Each structure stands twice: as structure tokens, then as C-alpha cells.
Amino acid sequence: MTDASADRRLLIASNRGPVSFARGPDGTLSASRGGGGVVSGLSAAADEIPMTWVCAALSDADREAASRAKGGLLDPAELGGGAAVRMLDIPQAIFDSAYNRVANSTLWFVHHMLYDTPNQPSFGLAFAAEWEAFRLYNEMFADALAAAALAASASPGRVAIQDYHLCLAPRMLAERAPGLSIAHFSHTPWAPPDYFRVLPDEVGREVLAGLLGADHAGFLCKRWADSFMDCCEDLLGAKVDRDRRQVSHAGHVTSIGVHPLGVDAAQLRARADEPDVLARMTTLAAATAGRKLIVRVDRTELSKNISRGLEAYRELLRAHPEWHGHVVHLAFAYPSRHDLPEYQEYTAAVQRLAGEIEAEFAVPGWNPLQLDVYDDYARSLAACRLADVLLVNPIRDGMNLVAKEGPILSDRNCALVLSTEAGAAAELSGQALMINPFDVTQTMQALHQALTMSDAERTSRCSALAAAASALPPARWLAEQLRALDRLPGS
Ligand code: G6P
């Protein structure tokens, strides 16, 4: 790397950071790498691009580690390489309102269109206080980023802000540190204007204007970028240029980019060759005894549509008794956001449905379904390697990296059944079996077609899927956004 690039050390900001701490029984703190698509993508890029990462402390152990860090900066050498990390000690009450109430119960629900609108949402005085906390949370990030940018170097710095939690921070940061180049990236879908309008008017406008404080706004696929620009036109009266590559508002121009995050195939395959994964492959293969495997791996999240996936599997077993004894569905749903009651209820509903399927079909020697709701990354990789069919059927999803990782990992050239509402559909629809995620019967038919597909067809589809999935690995995905920033006038 050149001195010039080191001089322009990148600042990253996201709610969840690349590392988290836990206190052991003897009171010592131990660090582990954080999970999830955003974090693993950016962490992979950190090996190639020098960066300082600003994130929130998510637990008391994180807070303590942050308070002990020299100059507030956790040393990359002690974290096993990657970015230097600054964890913000955000007061618990502000964090809870910002993360649980606004980010995850409001903005996430809007962008994924998850509300049962006859009953929800309902914005009263309590929301006004929560929104104020969300502003404060974004201000704390903007303050920390402005301070880090000033301290870092004399040259103009670059900042890459991640996701809906930090949608207000770009404008706040631009006001605090004029001259910084600011990118924002949305890892979720973006709601179309008719749905975005469920937000209180001022809140909706503040979200859009906040994000337009960035010089470059990135999205995972064209559909989400278009929805964002439509919202800017409709709600803010902002001007979108003819090519739909720029939004002008309040004297500032934001360039719009589509950067479809992909997978570092070599790194993923190497991880899936480690002994913990091989051991789980042996266990899973023994438990399923050479039967065809339909695999799904998700966080237990309302948008993932696990229930309709199970209903489709039940219809398959009802409509095609020839599969009895010859197929097993592995559904690995690892825990997510369990502070939210909707998520607890959803997990319970999925478990109830799985119980009904077992009660209807299981016989001695054949259990048609293995649903597990605990986290075991190595086991998820093992299941993807063994999959004959991978089911990815979200109601709505920013990208869905499992749809990309599965074909790269599969030893059996899996067929992919994929929702049209996942961002990944933009790149994978030519070779996947596409389904409307609400249409259970269509999903069932696609599962049957996937199970009966010839080896030759599976092989050719799967290798095309794997190639498309690795087209833009994380380091290139980030570099592409930085190039977009560098091309802007004045940078
Ligand atoms: C998923 C989404 C990201 C989001 C993340 C937050 O990975 O695709 O857009 O940032 O969830 O998850 P968390 O567990 O931190 O709430």
C-alpha cells in the first residue's frame, strides 16, 4: 500500500462492530469477532484497506473494554488484526430507544414492509422521545467521527457509514466536519414512497435529508436505489437527474451507487474446510443417512419467512408422498434480536409449526425435519456443503448472502430456490428457481422441481450461481464505493 492511501485512513461507522467482549468466570475480558453480513463483509475488507472502525458498545463487557482502551482505541494487534476499533459508550436508555425502538422496531419494519397496518404502527408521544434518543445516538457517532477525522491526518478523510441505524449521521457529520468525503451504505431494502409514508412526515423527511448529507449513497440493488430516489422526489421534492445517478437537495448533490455485495469464495471455502465443519458434516451425514437434503440457514427474523418455507415443505410431503423417507429438511434458524417480543413470538410460532410437521409425518427411522434455533456457524457451513436444495424465501431482504454462499459451498451442486424479493435475485434469477415468497404452493412446486432436477442441469446452474455470487467480494465492494467518492468534484 502507498503512503498516500495510509494517509487517507478510512473511517467506518456501524452500530455493531467487528468485535465483542465477554467476561469469563474469572472476571477477565475475552474478545471475539462479530458476526452478520455487514460486519463480516467489512472485516474481510479491513485486511486490505487500513481503517478505524467506530461502533457502539453493545454490552457491559464492551463498555469496560472500551473504557480501558488506551486513547479509547482498541489495538488491532490485540484483536487479531483488522481495523482499529473505537467503541462508543452510549447511555443504556438512549441506546435501547435508538436500537430497539427506532432502528429495529420502526425503520427495519418500514423498509421490510412488515407491519400489520390495521394495528401498527401507531406513533404517539412515546415515539417522540424515542426519536429524540435516535437523534442523540446519531449525534454521538457524528461527534466521534468528526473528532477521529480531525485527529487522523491533515488530508481530507473518507468515512463510510453503514445502514439504517445511522441514517441521520451523514448530514450531522457533514455539518461538523465540512470537507470530509462521506459515503453511506444501506444494507436493507428501501421502502417505496407509499409505504415509507407510514413514518410521521417530519421523521420521514429527516431520514431522507439525513442520508442525503452523504456524498455517495450506496444500495445493494437497483430496486432499493430506485425506491430511495422515489422517496426523495416525493417526500422532499429533491431533484433526481435523468440518468438516476444523483439526487440534489438543499444545495448538495449525492451520487447514488448500486454495489451488490458478494462473497470472497476462496476465504469461505477455506473456512468450510476446517475441522469443526468437517466434524459436523460427518454428524449431519450420519443423521440423514444419504437422503436428499433441503437446507435453509437464517437468522430467526420476521422477514425471513421461515413459516411459509415450512408450510411449503408440509405441502410437498402431502402432495408427493414419494418423498416420504427420502428427503430431510434441515432448517437452521439462529437467534436474533430477542429483546423484541415480536421476534420471540415468531420463533415460538416456527417451532410450533415444526412440531406439527413432525407429528404428521415422522415415523421410526425417518424424521423429515430438523429445526434448530441456536447458533452454530460451523454447522451452517456443513449443511450448505451437503445441501441438494437451498431454500431462501424471504418476504423482503436487502441482499441475502446465504443465497450467494450456498452455491459456492455446495459439494452436491445444490439447486437454489430463491425469493424474487431478495436483493440477490437481481444477480441470481437466471439460474435460481424463482418464487413469490407468499405463494406457498409455488414454493412447494419449486422444491419438487429442485429435488428432481438432473445432475447436469444442477451442475451448470450451480457453477453459474457461484460465479455470480463471487463477482464483487467485500474488499472490492468497499473499494468501489471509495472510488465513487474519489471521483466526486472537490474530493
Ligand atoms: C442484517 C441486516 C443488516 C443489519 C444487521 C443488524 O445483517 O442485513 O442490514 O445491519 O442485520 O443486525 P443486528 O443483529 O446488529 O441487529
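Every number for a ligand or one of its atoms is a count from 1 in the order of the listing. This one's a predicted model, so the numbers in the text were calculated from it and none came from an experiment.
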Inset, instruction - Select one of side chain, backbone, both or neither to describe which atoms of Arg16 lie under 4.0 Å from any atom of ligand 1, heavy atoms only. - result: side chain
Is the closest basic N to carboxylate O distance between [X] and [Y] below 4.0 Å?
X      : Y      : result
Glu421 : Arg223 : yes
Arg23  : Asp60  : no
Arg135 : Glu139 : no
Arg308 : Glu311 : no

Inset, instruction - If a pair satisfies side chain to side chain donor-acceptor pair (under 3.5 Å) and one of its residues is in residues 469-483, list it, with sequence neighbours excluded. - result: His259-Glu480
Legend entry - Short N or O distance, Glu301 and ligand 1, threshold 3.5 Å exclusive: no
Inset, instruction - Could you tell me whether Asn15 and ligand 1 have an N or O pair separated by under 3.5 Å? - result: no
Any non-hydrogen atom of [X] lying under 4.0 Å from ligand 1?
X      : result
Met399 : no
Gln162 : no
Phe185 : no

Inset, instruction - Kindly give the heavy-atom pair with the smallest separation between Val295 and Ala387, and that separation in Å. - result: CG2-CB, 3.6 Å
Legend entry - From Trp108, Trp224, Phe228, residue fulfilling ring pair (Phe, Tyr, Trp, His ring centres under 6.0 Å) relative to Trp190: Phe228
Proximal atoms of ligand 1 relative to [X] (non-hydrogen, under 4.0 Å):
X      : answer
His165 : 10 (O)
Trp108 : 2 (C)
Thr188 : 9 (O)
Tyr99  : 13 (P), 14 (O), 15 (O), 16 (O)

Inset, instruction - Counting heavy atoms only, name the option from Val39, Leu261, Asp163, Asp339 that's nearest to atom 4 (C) of ligand 1. - result: Asp163
Legend entry - Nearest option to atom 1 (C) of ligand 1, as decided by whichever heavy atom of Arg299, His187, His112 sits closest: Arg299
Legend entry - Cation over ring face, Arg379 and Tyr334, 6.0 Å, 45°: no
